[in-house]
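A short worksheet on the structure shown next.
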Amino acid sequence: MPKETFFHLKPEKREKIEEALIHEFSRGSFEEASISHIVLEAKIPRGSFYQYFEDKEDAIKYIIQKFLMLEHKKIYHFLIETQGNLFETSLKIYDYMVEQSTKNTNVILAKNILQELRKSNINIFDHHDGTQYKEQTYKILNQEILNLEKEEEIKYMMKILTIVTRTAAVEVITKKITQEEGRKELIKQLEILKKGMQK
């Protein structure tokens, strides 16, 4: 994550750097992104970049965390909306991811982020801020319909749902399948998971 010096910047300057990061990470893959392009667009010396971030990967993590914060708010809302039904929430998350990615002018950035998250298997139902959100999430979950007793089992189930949901979304965003095909595939996978998890 960024160094303290980044968060001490004036909001306007911080926003300008964030815009430069988003623009550069939207041009191609994360691997192709260039610090030179970022500092040029943000109009900061190259040395300043390293005062704010450890390296390019650190800047990528920051942008991904901003994406996750928005995603987690939406997930929490969906869990409330579905009365804690994880399977219905997974479908809503899929629809949201695909819709946002296709509407967003930064389709490449959305694709890069989702692919990175899929590789690292970061749990969409989890939260980087720690225990408070986790506790709230577990309270919202409708555990009466699940054939799972231990918190550890629920954690693994959430990880599995994360993988299948993100995979379906990435397949659509990378134009391997249509949104409708991706949704149908996800529904089939969720039905199979339900047989093993649902009472």
Side-chain angles (χ1 to χ4, degrees), residues 1 18-34 37-38 55-79 81-82 85-129 133-134 137 141 154-197:
M1 289 299 288
E18 285 177 8
E19 285 171 11
L21 291 173
I22 289 167
H23 184 252
E24 181 60 19
F25 296 149
S26 302
R27 286 160 38 96
S29 68
F30 284 150
E31 291 76 18
E32 295 168 329
S34 161
H37 291 159
I38 294 166
D55 48 28
K56 184 177 77 172
E57 285 66 35
D58 194 31
I60 291 168
K61 284 178 189 173
Y62 173 64
I63 294 300
I64 289 175
Q65 285 300 329
K66 285 184 74 69
F67 173 87
L68 283 174
M69 284 174 70
L70 292 172
E71 187 182 67
H72 289 134
K73 284 180 187 175
K74 204 69 185 171
I75 289 163
Y76 193 70
H77 169 76
F78 288 149
L79 279 169
E81 196 177 288
T82 63
N85 188 312
L86 279 171
F87 302 104
E88 287 181 27
T89 297
S90 290
L91 275 175
K92 285 184 174 289
I93 293 165
Y94 164 82
D95 290 336
Y96 171 75
M97 284 178 178
V98 173
E99 184 182 326
Q100 289 303 305
S101 299
T102 51
K103 277 185 180 178
N104 197 329
T105 52
N106 298 323
V107 177
I108 295 172
L109 176 62
K111 181 181 78 172
N112 288 341
I113 290 173
L114 286 174
Q115 286 179 322
E116 191 66 29
L117 292 173
R118 186 177 63 164
K119 278 192 284 182
S120 53
N121 286 333
I122 295 172
N123 191 339
I124 52 179
F125 297 100
D126 215 341
H127 196 265
H128 66 282
D129 286 341
Y133 186 90
K134 289 177 190 175
T137 302
L141 288 181
I154 295 170
K155 182 183 170 185
Y156 283 123
M157 184 253 305
M158 288 176 165
K159 192 170 184 179
I160 292 166
L161 289 175
T162 293
I163 293 166
V164 297
T165 305
R166 278 218 179 100
T167 300
V170 169
E171 292 284 293
V172 174
I173 294 164
T174 54
K175 302 189 184 300
K176 291 180 181 173
I177 55 176
T178 66
Q179 183 172 351
E180 188 180 343
E181 288 169 339
R183 203 173 199 278
K184 282 180 182 175
E185 281 188 19
L186 180 58
I187 289 169
K188 284 178 187 175
Q189 290 169 346
L190 292 176
E191 287 300 321
I192 291 167
L193 290 172
K194 278 183 194 178
K195 288 177 186 176
M197 296 178 189

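For V164 against Q189, the heavy-atom pair with the smallest separation is CB-OE1, 3.5 Å. Nearest heavy-atom pair, L114 versus A169, reported as atom, atom and distance to 0.1 Å: CD1-CB, 4.4 Å. Taking every heavy atom of both residues into account, Y94 and V172 meet most closely at OH-CG2, 3.2 Å. Closest approach of L186 and A168 over heavy atoms only: CB-CB, 4.2 Å. When all heavy atoms are compared, the tightest approach of D58 to M1 is OD1-N, 2.6 Å. Taking every heavy atom of both residues into account, L68 and R166 meet most closely at CD2-NH2, 3.8 Å.
K111 places no side-chain N or O within 3.5 Å of a backbone atom of V170 that could act as its donor or acceptor partner.
Between E191 and K188 there is no salt bridge, since no side-chain nitrogen of the basic residue lies less than 4.0 Å from a carboxylate oxygen of the acidic one.
K92 is linked by a side-chain hydrogen bond (donor to acceptor under 3.5 Å, both in side chains) to E81, counting only residues two or more places apart in sequence or in another chain. Qualifying ring pair (Phe, Tyr, Trp, His ring centres under 6.0 Å) partners for F25, counting only residues two or more places apart in sequence or in other chains: F30. Taking the side-chain hydrogen bond (donor to acceptor under 3.5 Å, both in side chains) definition, one finds that T178 meets it with E181, sequence neighbours left out.
Separation of atoms CD1 (I108) and CD (E32) is listed at 9.5 Å; rounding is to 0.5 Å.
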